[in-house]
Each structure stands twice: as structure tokens, then as C-alpha cells.
Protein chains: 2
Amino acid sequence: MGATAKVLSVAFGRAMREERLNKGLSQEELAFRCNLDRTYISSVERGKVNPSIHITWLIAVGLDIPLWVLIKSAEELASNKEK
Amino acid sequence: MGATAKVLSVAFGRAMREERLNKGLSQEELAFRCNLDRTYISSVERGKVNPSIHITWLIAVGLDIPLWVLIKSAEELASNKEK
DNA sequence: CTGTGACTCAAAGTCCGTG
DNA sequence: TCACGGACTTTGAGTCACA
């Protein structure tokens, strides 16, 4: 992954964390709802990994919002971050 | 990947192909714009792979539309397909 | 111009811990 | 409750020859 490659994953992680906190969920609770590992949720939020579209969908379902809404927030965050 | 796991990837492939054809692009041309292999583009369109969020973003950029728009179309296709 | 199987390799993703 | 690490298995990324 090149330098700009991580921009979206980092933004996605931020958007996802924001949404999780809005719902008052812990990483562990979200992990349970998504059927994903607790430590993996953490990695995604910190932008350490580049999740598949299927994983992002699981997360959106766990957060109880459409995936496109999450992606839209992420893209907005990403473009605001561009220097 | 379980049975329902492929639903979104398949829908994403459809949405993406639709958009590509709307722009009058060949898989080869899109592949060039995305810096991806032609055969890989083909796999994504056919829902054979479960692309990462980074890949979907490259494709959206190549198609010159925001990723969330593409995802939104995909989710709509997916929910219409649910029997 | 596109679909497909086979392949290699890096990264995703899980599970065990720690402070 | 979370960040982070090590070790491990599975999957995606990316390319090729051929139909």
C-alpha cells in the first residue's frame, strides 16, 4: 500500500469509531455484533488494516447503518484531511 | 466466505459494470485508469473476489464518481435481490 | 474485448496474551 | 476499555496463458 493508499482506511476507521461511540458501544460489543475479533476492530479503527468490502459491510450492519453512509463520512473526512 | 457474504461483492460488481458501461469504457481502459490488471477488474465485476476498501476506492476514482455512490447502488441492488 | 483456472506472495483476519 | 504484540491460518492482490 502506497502513501495515499491508507487515506481511506484511516478515514474509514475514524468514521466508524465516531459512529460506534455515538451508539455507546464498546469495541468488544461491536465485535460481537459483527462476528469479528475484538483486536481486529481495534486495528480497523486505527487504520492499520485495509478491510475487504465484506468486512466493512459487517461493520456497518453491526453499527446499524447503511454502508454507504459510513463510506460517505469517510470520504468527507479524507478530503478534509488533504493538505 | 459464507453464502450471504458474497451478496455485496456481487452487487458491487454489477453496480461497477453498469457505471463502466455508462461511461463507455472497456475493462481494459478502466484497468489502465485504476492501475489494476484487466483480469482483476473482470473478477471484481463478476463478484468472484471480495475487494478491499482500497481497491473499491481505486475503481471509483477510475470511474470518476465518489465511492459512496457506487456502494449505495450496490446496496440497493443487493436488497432488491433478496428474495 | 472478456472469462477463467492456476499460481505466488503479501496481507487480512483470528486467537493467545500484556500493561 | 483499549492499544499493542507474537504466532498462526486464511484470503485477497496481482499476473499469466488460454479459450
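Numbered from 1 within each chain, the chains take letters A, B, ... in sequence-line order. Atoms considered below: every heavy atom in the structure, side chains included; atoms not considered: hydrogens, waters and symmetry mates. Note that the structure is predicted; figures quoted are calculated from it, not measured.
Taking 4.0 angstrom as the limit, A/S42 places a side-chain polar atom (N or O) nearer than this to OP1 or OP2 of D/dA3.
Looking at residues two or more places apart in sequence or on another chain, you find a side-chain hydrogen bond (donor to acceptor under 3.5 Å, both in side chains) between A/R46 and A/S42. Listed by chain and number, the residues in a side-chain contact (heavy atoms from CB on, under 4.5 Å) with A/E18 amount to none (sequence neighbours excluded). Annotation: side-chain hydrogen bond (donor to acceptor under 3.5 Å, both in side chains) contacts of A/T39 (sequence neighbours excluded): A/D37. Not a single side-chain hydrogen bond (donor to acceptor under 3.5 Å, both in side chains) links A/S43 to another residue, sequence neighbours left out. Remark: A/T56 engages no residue in a side-chain hydrogen bond (donor to acceptor under 3.5 Å, both in side chains) (not counting sequence neighbours). A search for salt bridge (charged side-chain N to carboxylate O under 4.0 Å, His left out) contacts involving B/E19 returns B/K23, not counting sequence neighbours.
A/F32 and A/M16 are assigned to two separate hydrophobic clusters, defined by single-linkage of ILVMFWY side chains at heavy-atom distances under 4.5 Å.
Near-neighbour residues of DNA chain C inside residues 60-73 of chain B, defined by a heavy atom below 4.0 Å, are absent. Contacts with DNA chain D (heavy atom under 4.0 Å) in residues 15-34 of chain B: none are found.
For A/K48 and D/dC2, the NZ to P distance is 17 Å, given to the nearest whole Å. Summarising the geometry, the separation between CD1 on B/I59 and C1' on D/dG14 is reported as 13 Å, rounded to the nearest angstrom. D/dA13 atom P lies 11 Å from atom CD1 of B/I41, rounded to whole Å. Atom CZ in B/R46 sits roughly 13 Å away from atom C1' in C/dC1 (whole-Å rounding). The separation between A/N50 atom CG and D/dG12 atom C1' is 10 Å, rounded to whole Å.
B/R38 places no side-chain N or O within 3.5 Å of a backbone atom of B/Q27 that could act as its donor or acceptor partner.
Using a 4.0 Å cut-off between a side-chain N of Lys or Arg and a carboxylate O of Asp or Glu, B/R20 and B/E45 qualify as a salt bridge.
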Side-chain donor-acceptor contacts of residues 64-72 of chain A below 3.5 Å, not counting sequence neighbours, with atom names and distances?
none

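Counting only heavy atoms from C-beta outward, the side chains of B/F12 and B/E75 never approach each other to under 4.5 Å. Between B/K6 and B/N50, every side-chain heavy-atom pair lies at or beyond the 4.5 Å cut-off.
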Task: Contact state string [nucleotides 14-19 of chain C, B base, S sugar-phosphate only, - no protein heavy atom under 4.0 Å] - done: SBBB--
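Between B/C34 and B/I59 the shortest heavy-atom distance is SG-CA, 3.7 Å.
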Open item on the list: Once pairs are restricted to Watson-Crick or G-U wobble with both distances under 3.5 Å, how does DNA chain D read as a dot-bracket string, [ ] for crossings and | for other-strand pairs?
Closed with: .||||||||||||||||||
